[in-house]
Amino acid sequence: MSASPSPASASPSPVSVVRPSGSGPAAAELLDFVRRTAADNELIASLPLDPEGRTWVRLDGPGGSEAWLIGWPPGTGTGWHDHADSIGAFLTASGTLKEHSLAARLPTDGWKTLELAEDIDRSRELTAGQGRAFGRHHVHEVLNESATEHAVSVHAYYPPLPQIRRYSRTGAVLRLEQTERPEDWQ
């Protein structure tokens with residue numbers, strides 16, 4: 001299923017234009033896309049919501065990017081992960097999401113376990129209409145902490161996700177657990 005976002009006024013993005021290698025969209029352009037798409041109330045309302053697990057529909061993103069509309073039942077989350085060499089953006093269309101992230105770029109290869117420095121953790125609450133862009137190797141987890149309300153969000157990545165690395169975390173220790181490829185989630 002593909003969808004075209006309806007034209008909506010998008011406020012200027014505070015994100016600097018960081019272009020990935022190649023000629024694809026920059027992080028600010030992805031953020032503008034997810035903002036416009038989240039404003040399409042008909043599209044947001046069309047996502048089937050499941051009380052037990054997340055639901056998603058793939059969308060046509062700008063400039064060859066990969067985009068998703070995701071439904072989050074109460075109490076669900078992604079776990080710690082990154083998007084490898086892709087830049088991205090996401091925005092909450094309805095409900096509230098919480099993002100926990102690491103304010104450091106991790107080595108991409110050659111490790112299984114890392115001890116994280118103090119003061120590396122960042123946390124932000126993203127209510128409807130709020131989102132963010134991020135660069136390559138951004139490690140985070142996204143949660144719907146509500147006990148009663150679904151959340152819906154729009155995500156875009158460029159280049160299309162080559163892999164997702166999943167991590168476990170105990171205190172200051174981050175451990176690489178699994179690497180997923182597109183065939184694992186499509």
Side-chain angles (χ1 to χ4, degrees), residues 1-3 15 18-22 24-31 33-34 37-38 47 50 52-73 75-93 97-116 120-124 126 131-145 151-170 172-186:
M1 172 180 205
S2 65
V15 175
V18 176
R19 261 195 212 286
S21 55
E29 293 165 310
L30 294 176
L31 184 59
F33 167 79
V34 297
T37 304
L47 180 68
D50 183 318
E52 306 276 326
R54 291 188 305 148
T55 54
W56 53 87
V57 172
R58 185 152 184 183
L59 306 173
D60 290 331
S65 65
E66 178 174 340
W68 298 89
L69 179 62
I70 302 176
W72 306 75
T76 58
T78 60
W80 287 94
H81 67 283
D82 73 17
H83 303 114
D85 290 323
S86 297
I87 62 168
F90 72 99
L91 187 130
T92 304
L97 293 173
K98 175 75 107 358
E99 181 196 34
H100 299 291
S101 63
L102 302 179
R105 185 172 171 148
L106 302 180
T108 58
D109 294 309
W111 66 277
K112 184 79 171 158
T113 302
L114 286 177
E115 186 167 339
L116 303 172
I120 197 170
D121 290 298
R122 300 294 180 265
S123 187
R124 64 175 48 92
L126 300 165
R132 68 167 315 218
F134 53 86
R136 294 176 177 87
H137 311 290
H138 175 70
V139 177
H140 69 162
E141 70 173 341
V142 180
L143 309 160
N144 178 2
E145 296 182 324
V152 175
S153 57
V154 181
H155 303 244
Y157 310 98
Y158 187 84
L161 296 172
Q163 65 183 9
I164 293 177
R165 290 183 289 248
R166 300 219 173 258
Y167 305 96
S168 61
R169 179 150 183 212
T170 305
V173 176
L174 188 71
R175 180 176 183 79
L176 176 63
E177 296 291 346
Q178 178 182 3
T179 300
E180 298 175 0
R181 307 248 178 247
E183 56 270 16
D184 298 326
W185 66 80
Q186 292 183 9

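Worth saying up front: this structure is predicted, and the values here are computed from it rather than measured.
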Report yes if the side chains of R132 and F90 come closer than 4.5 Å at any heavy-atom pair, otherwise no.
yes
Would a 4.5 Å heavy-atom cut-off, applied to side chains only, mark S101 and H138 as touching?
yes
Where do D85 and P162 come nearest, in terms of heavy atoms and distance?
N-CG, 4.5 Å
First locate atom NE2 of H155, then atom CG of L59, and finally report the distance between them rounded to the nearest 0.5 Å.
10.5 Å
Would you check if the side chain of S86 reaches a backbone N or O of P159 as a donor-acceptor pair within less than 3.5 Å?
yes
Tell me, please, which residues at least two apart from R175 pass salt bridge (Lys or Arg N to Asp or Glu O under 4.0 Å).
E177
Can you tell if the side chain of H100 reaches within under 4.5 Å of the side chain of H140, non-hydrogen atoms only?
no
Taking all non-hydrogen atoms of both residues into account, name the closest pair between G53 and P73 and its distance.
O-CG, 3.2 Å
Do E29 and P62 have side chains that get closer than 4.5 Å, going by heavy atoms?
no
Test item: L143 and L97 side chains (from C-beta on) under 4.5 Å apart, heavy atoms:
no
T170: side chain to side chain contact (heavy atoms under 4.5 Å, CB included) partners, not counting sequence neighbours
none
CD of E52 to OG1 of T76: how many Å apart, nearest 0.5 Å?
11.0 Å
Side chain of E115, backbone of V173: donor and acceptor closer than 3.5 Å?
no
With heavy-atom distances below 4.5 Å as the criterion, would you say the side chains of L30 and Y158 are in contact?
yes
Check side-chain hydrogen bond (donor to acceptor under 3.5 Å, both in side chains) between R105 and all other residues, then give those that pass, not counting sequence neighbours.
none
Quick one: sort the Y157 and F134 rings into parallel, tilted or perpendicular, breaks at 30° and 60°.
tilted
Heavy-atom pair of closest approach, residues L47 and G71
CD2-N, 3.2 Å
Any carboxylate oxygen within less than 4.0 angstrom of a Lys/Arg side-chain nitrogen, looking at R169 and D121?
yes
Can you give me the closest heavy-atom contact between G63 and P25, atom names plus distance?
O-CD, 3.5 Å
Heavy-atom distance under 4.5 Å between the side chains of S65 and P160, does that happen here?
no
From CA spacing to verdict: side-chain contact (heavy atoms from CB on, under 4.5 Å), R54, T78:
CA-CA 9 Å; R54 291 188 305 148; T78 60; 3.6 Å; yes
So how far is it from T37 OG1 to W68 CH2, rounded to the nearest 0.5 Å?
14.5 Å
Reported OG1-to-CG distance for the pair T92 and L126, which is rounded to 0.5 angstrom
5.0 Å
Hey, what do you get for OG (S123) to NZ (K98), rounding to the nearest 0.5 Å?
4.0 Å
Residue set satisfying side chain to side chain contact (heavy atoms under 4.5 Å, CB included) with L114, at least two apart, ordered chain then number -> L106, P107, W111
Chi angles and distances behind the side chain to side chain donor-acceptor pair (under 3.5 Å) call for S153, W72
CA-CA 8 Å; S153 57; W72 306 75; 2.7 Å; yes
Just jot down the side-chain hydrogen bond (donor to acceptor under 3.5 Å, both in side chains) partners of D82, sequence neighbours excluded, or say none.
R165, Y167
Output all residues satisfying side-chain hydrogen bond (donor to acceptor under 3.5 Å, both in side chains) with H83, sequence neighbours left out; order by chain, then residue number.
H81
Considering only heavy atoms from C-beta outward, does the side chain of I70 approach that of V152 to under 4.5 Å?
no
Inter-residue atom distance T179.OG1 - R166.CZ, 0.5 Å rounding:
10.5 Å
